[in-house]
Amino acid sequence: MLWKVLLCDDEAVIVKGLRRLIDWEALGVEVVGEATDGGQAVELIGRLRPDLVVSDIRMPKLSGLDVMSAVQSAEHLPKFIFISGYGEFEYAQRALAGGAVDYLLKPVSAEALEQSVRRALGLMERSSADALFRQPSGQVQEFFAQLTANREFAGSELCGKFTAMLEGRDRPVFRGLCLGLYLEDEERLDSLPYEKQLLQRFMAFNTARDLLERSGHACFLRKDEGHCWFMGIFAPEEDAERIVAQVLAEAAGRTGHRLRAGLGRECAGLDELPVTYDDALWVFDLYYFDQREILCWDGAARPLRATNQSFDENVKKVFHSIVSKSEDVLDDVDRVLDDVAGLHWGNRMAAYNRTMLFTGDICQQLYGNRLLTGSFTQRQDELQHRLEGCATFAQLRERLRDYYRELLPDVYRNARGRSTREIVRVQRYIEEHYDQEISLKALAELACVSPHYFSAYFKAETGQNYKAFLTRVRMERAMGLVINSDLKTYEIAERVGYNNVRRFVDAFRAAYGMSPLDYRKLHKK
């Protein structure tokens with residue numbers, strides 16, 4: 001973890017010079033901001049919360065001393081190093097009396113600035129460690145009190161135990177940690193009597209607890225039947241994920257049960273403990289979407305975000321694929337589920353509900369077009385029973401694919417049972433009314449299906465869409481009029497249902513390779 005510094009001077013060139021004068025990163029310091037007047041400095045201190053401020057004494061709006069005075073009551077109080085071209089003793093005296101770490105005269109050498117920064121860092125490290133051992137705030141005490149729902153500790157005892165583990169630590173980093181058994185191990189335990197299940201789980205939890213607490217890397221907080229919570233305690237340079245992985249591997253070797261973990265975000269202050277504690281369970285539950293041994297707050301592999309629009313479009317594609325007997329039905333189902341994961345990543349119940357809405361929508365359309373028979377409610381209840389028990393989204397995906405594999409033969413069988421009679425009726429209607437405006441809605445009503453379904457239905461049964469069939473009928477009638485009458489082109493167009501001569505000529509040429517006039521001349525020859 002890097003300390004944060006804010007650089008302040010009314011001359012921007014001097015600020016840039018301070019940034020380049022020493023190697024801040026080598027000292028463990030990050031320059032997080034620059035200010036060119038006192039008012040801006042106060043605003044940046046409140047927003048960026050720097051640990052150290054290196055500032056000129058004389059600045060517009062507020063002097064450096066005024067800035068230090070203005071932030072004295074702030075919750076986060078940085079250390080100050082002052083730089084000035086004014087060598088009067090009174091400035092140095094007032095700065096040091098106000099709590100400044102050092103007072104340097106311009107021009108500042110790299111050596112002098114580095115020494116002052118090192119002195120400030122030493123003071124900050126000591127004060128940071130001291131703060132951890134002071135009596136925790138009411139908020140932190142309340143946090144530990146809430147965790148004693150497991151009755152294993154009193155809140156004050158747990159708080160004292162945690163505080164004792166911090167002794168001798170230099171700037172510890174805290175991370176919430178939640179452990180639980182792998183899905184396969186849970187399923188294996190399900191065959192045992194309930195008391196033995198609890199015993200086996202707690203044996204695995206207690207082994208991990210012993211390893212973590214003996215190493216000093218975590219303080220046990222609480223457990224229930226399926227989870228065990230800790231507050232991880234790590235040095236800034238330690239790899240928390242690697243340490244937890246080693247503990248899980250050793251615990252599995254000792255107990256024969258594999259554990260998995262959720263690791264919350266890094267935090268350095270006691271007031272952030274509730275946040276990283278909650279993170280741990282949230283990340284742990286991401287196992288439903290991402291089946292890795294350790295899931296970290298900052299390392300979860302979230303899919304690309306989806307939109308409701310893309311979800312709706314892909315649902316329509318599934319229905320179209322089904323009624324057109326496409327080979328891509330299952331691929332289209334997968335695309336819908338990809339959208340579900342993108343929309344509801346991290347929210348298992350929302351993902352499940354969205355999936356049920358999707359299947360319900362498809363089923364309603366299939367029932368509405370008489371492509372499914374039986375009870376809609378019973379069919380949805382059976383699917384709900386299948387999907388409710390899924391421990392992962394991958395398992396839900398595979399069960400839904402199985403559901404559609406079983407559904408499609410019923411759909412196709414129902415389609416075959418009714419298609420011939422209705423398609424013939426539609427074709428006959430087109431042949432009798434080709435000279436009129438024929439709407440998709442009228443044809444769908446004739447076939448007793450929805451307009452949305454009709455086009456795919458007609459193509460699935462005849463091999464061509466209804467517009468192509470209508471055009472073929474019109475062109476056949478038009479060819480007869482071209483050969484057997486002296487009607488003008490526009491008159492033929494009107495008689496076969498075209499109110500636009502250009503469109504008629506283009507359609508005739510596409511069908512026969514030449515215009516109606518040329519075709520007539522060729523036939524006469």
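These numbers were taken from a predicted model, which means no experiment stands behind them.
- Using modelled atom types, one side-chain atom of Glu238 and one backbone atom of Ala235 make a donor-acceptor pair closer than 3.5 Å.
- Across Arg175, Glu272, Arg222, a single residue satisfies side-chain hydrogen bond (donor to acceptor under 3.5 Å, both in side chains) together with Tyr277, and that is Arg222.
- We find the OG1-CD distance between Thr359 and Gln384 to be 9.5 Å, quoted to the nearest 0.5 Å.
- Here Phe376 pairs with Tyr367 under the ring-ring contact (aromatic ring centres under 6.0 Å, His included) rule; sequence neighbours left out.
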If you apply the rule side-chain hydrogen bond (donor to acceptor under 3.5 Å, both in side chains), what do you find for Arg354 with Asn347, and how did you get there? CA-CA 11 Å; Arg354 174 79 70 145; Asn347 190 332; over 6 Å; no
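- The ring-ring contact (aromatic ring centres under 6.0 Å, His included) test applied to Phe311 returns no partner, not counting sequence neighbours.
- Using modelled atom types, no side-chain atom of Asp361 and backbone atom of Leu357 make a donor-acceptor pair closer than 3.5 Å.
- Between Arg188 and Glu184 there is no salt bridge, since no side-chain nitrogen of the basic residue lies less than 4.0 Å from a carboxylate oxygen of the acidic one.
- Judged by distance alone, with hydrogens and angles left aside, the side-chain atoms of Gln40 form a donor-acceptor pair with the main-chain N or O of Thr36 at under 3.5 Å.
- Side chain of Tyr512 to main chain of Met475: a donor-acceptor pair is present (N/O by atom type, distance under 3.5 Å, no hydrogens or angles).
- Salt bridge Glu398/Arg405: present, at least one basic N to carboxylate O contact under 4.0 Å.
- Using a 4.0 Å cut-off between charged side-chain N and carboxylate O, Arg509 and Asp518 make no salt bridge.
- Qualifying ring-ring contact (aromatic ring centres under 6.0 Å, His included) partners for Phe230, counting only residues two or more places apart in sequence or in other chains: Phe220.
- Listed by chain and number, the residues in a side-chain hydrogen bond (donor to acceptor under 3.5 Å, both in side chains) with Glu432 amount to none (sequence neighbours excluded).
- Within the 3.5 Å criterion, the main-chain N or O of Arg503 finds a donor-acceptor partner in the side chain of Asn500.
- Separating the CG atom in Leu259 from the CD1 atom in Ile294 is a distance of 10.5 Å, to the nearest 0.5 Å.
- When atom types are taken as modelled, the side chain of Gln395 and the backbone of Ala391 share a donor-acceptor pair closer than 3.5 angstrom.
- Residue pairs meeting the side chain to side chain donor-acceptor pair (under 3.5 Å) criterion with at least one member in residues 469-484, sequence neighbours excluded: Arg472-Glu476.
- Ring planes of Phe393 and Tyr288: perpendicular class, angle over 60° (limits at 30 and 60°).
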Check against side-chain contact (heavy atoms from CB on, under 4.5 Å), Tyr519 and Met479: CA-CA 9 Å; Tyr519 195 93; Met479 182 177 65; 3.3 Å; yes
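- Cation-pi geometry between Arg260 and Tyr287 is met: under 6.0 angstrom from the ring centre, within 45 degrees of the axis.
- A salt bridge does not link Asp51 to Lys4: none of the charged nitrogens lies less than 4.0 Å from a carboxylate oxygen.
- A salt bridge links Asp332 with Arg335: the closest approach of a Lys/Arg side-chain nitrogen to an acidic carboxylate oxygen falls below 4.0 angstrom.
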side-chain contact (heavy atoms from CB on, under 4.5 Å) between Val340 and Tyr352, intermediate numbers included: CA-CA 9 Å; Val340 171; Tyr352 163 77; over 6 Å; no
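- The pair Arg399-Asp402 fails the salt-bridge criterion, with no side-chain N (NZ, NE, NH1 or NH2) lying under 4.0 Å from an Asp/Glu carboxylate O.
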Carefully, step by step, assess Asp338 and Arg397 under the rule salt bridge (charged side-chain N to carboxylate O under 4.0 Å, His left out). CA-CA 10 Å; Asp338 289 342; Arg397 184 188 294 268; 3.0 Å; yes
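- Legend: residues meeting side-chain hydrogen bond (donor to acceptor under 3.5 Å, both in side chains) with Thr276, ordered by chain and number and at least two apart, are absent.
- Put simply, the side chain of Ser310 never gets that close to the backbone of Ala306: no donor and acceptor are under 3.5 Å apart.
- Using cut-offs of 30° and 60° for the angle between ring planes, the His433 and Tyr429 rings count as parallel.
- The existence of a salt bridge linking Glu34 and Arg19 is confirmed by a sub-4.0 Å separation between a basic side-chain nitrogen and an acidic carboxylate oxygen.
- The pair Glu250-Arg254 meets the salt-bridge criterion, with a side-chain N (NZ, NE, NH1 or NH2) lying under 4.0 Å from an Asp/Glu carboxylate O.
- Other residues, nucleotides and ligands place no more than 12 heavy atoms under 6.0 Å from the CZ atom of Arg495.
- Ion pair Arg348/Asp285 not flagged as a salt bridge, since none of the NZ, NE, NH1 or NH2 atoms sits closer than 4.0 Å to an Asp/Glu carboxylate oxygen.
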